[in-house]
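Everything on this sheet refers to the single structure shown next.
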Amino acid sequence: MPETTRTLLSGQASAWRRILDHPFVAETSAGSLPAATFNRWLAEDHFFVRSFQVYLAELSAIAPDDQAREVLAGGIAALVPELALFEKAAAERGLDLTAEPSLLNVGYSSYLLGTVREGWPVAITVLYAVEKAYYAAWASVRDTTGPDTPYAGFIANWSSPEFSAYVDQLAALVDRETPTPSMELGFDRVVRFELAFWDLVHG
Ligand code: MP5
C-alpha cells in the first residue's frame with residue numbers, strides 16, 4: 001500500500017501548512033524567539049521525549065517483525081544523545097527539567113502510549129506522524145535560518161539526513177498497512193496535538 005502515507009498527508013494539507021507557518025517555527029528561524037519561549041519549549045519537550053522513550057519501548061514490544069524492530073531500535077538509540085542535548089541546554093540556561101509539565105503535554109504523551117493498545121497499524125501511524133511533523137518543522141527552520149543560530153544542535157537533531165532517513169523508514173512501515181479510519185484519526189490527532197503544543201509553548 002505505498003500510497004498510505006500519501007493519503008494520510010494529503011488529508012492534512014492545511015493543518016500541515018499551519019505547523020510550518022507557526023510563529024514558534026518562524027521566530028526560531030528568524031532568531032527573534034524570546035529566550036523564555038524557547039526555555040518553555042525545552043522543558044516541556046524534555047518531558048515529552050522522556051515519555052516517548054517508554055512509548056517506543058512498548059511499541060517495539062508489539063512490532064510484527066525484525067524489520068520493524070530494527071527501525072524502532074534506531075529511534076530508541078537516537079534518544080540517548082537527544083536527551084543529552086536537552087540536558088546540556090537546560091544546564092546552560094539554568095532550567096529545572098523536573099518542573100511539572102502542562103496537562104496538554106501529559107495528555108499528548110498519554111495518548112501516544114495508549115495507541116499501543118490499539119495495535120500496530122495505529123501505533124506506527126502515530127509514530128510516523130509525530131516524527132514527520134518534527135522533521136517538517138525543523139527542516140523549515142534549517143532552510144530559513146542564518147548560520148549563527150543558537151539552535152544548531154536542535155535543528156540538526158530533527159532535520160539531519162539521518163533523521164530524514166529514519167522518517168522515511170517509518171513511512172515505509174506505515175505503507176505496508178492498508179489505511180483505516182482509525183489510522184486517519186490517529187494521524188489527525190497527532191497533527192492537532194502538535195499544533196496545540198506549539199501554541200502552548202509560544203504562549
Ligand atoms: C517530537 C518532539 C519528536 N520531540 N516533540 C514533539 C512535541 N513532537 C515531536 O519526537 P522525538 O522523539 O524527539 O524525535
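Just so you know, ligand 1 is whichever comes first in the structure, and atom 1 is the first atom listed for that ligand.
- Residues Tyr134 and Trp198 bring their aromatic ring centres within 6.0 Å.
- At least one heavy atom of Trp158 sits less than 4.0 Å from an atom of ligand 1.
- The backbone N or O of Ala78 sits nowhere less than 3.5 Å from a side-chain atom of Tyr166 that would complete a donor-acceptor pair.
- By the criterion of a heavy-atom distance under 4.0 Å, neither the backbone nor the side chain of Asn157 is placed next to ligand 1.
- Note: Tyr108 and Phe193 have parallel aromatic rings, judged against thresholds of 30 and 60 degrees for the angle between ring planes.
- Nearest protein heavy-atom contact of atom 10 (O) of ligand 1 is Glu131 OE1, 3.1 Å.
- Ring orientation note: the planes of His46 and Phe86 are tilted relative to one another, at an angle of 30° to 60°.
- For ligand 1, the polar-atom distance check finds an N/O of Glu194 within less than 3.5 Å of one of the ligand's N/O atoms.
- With hydrogens left out, the protein atom closest to atom 13 (O) of ligand 1 is Glu82 OE2, 2.4 Å, a heavy atom.
- For the residue pair Glu194 / His22, no side-chain donor-acceptor distance below 3.5 Å is found, with atom types taken as modelled.
- The contact set between ligand 1 and Leu79, taken as ligand atoms under 4.0 Å from a residue heavy atom, comprises 12 (O).
- For an aromatic pair to be called close, the ring centres must be under 6.0 Å apart, and Tyr151 with Phe154 fails this.
- Close contacts between ligand 1 and Val49 involve ligand atoms 4 (N), 13 (O) [criterion: under 4.0 Å to a heavy atom].
- In terms of protein heavy atoms, atom 5 (N) of ligand 1 is closest to Asp45 OD1, 2.7 Å.
- A side-chain N or O of Ser102 and one of Glu44 form a donor-acceptor pair less than 3.5 Å apart.
- Between Asn105 and ligand 1 there is no heavy-atom distance shorter than 4.0 Å.
- When the options Phe52, Tyr134, Phe197, Trp41 are ranked by their closest heavy atom to atom 1 (C) of ligand 1, first place goes to Tyr134.
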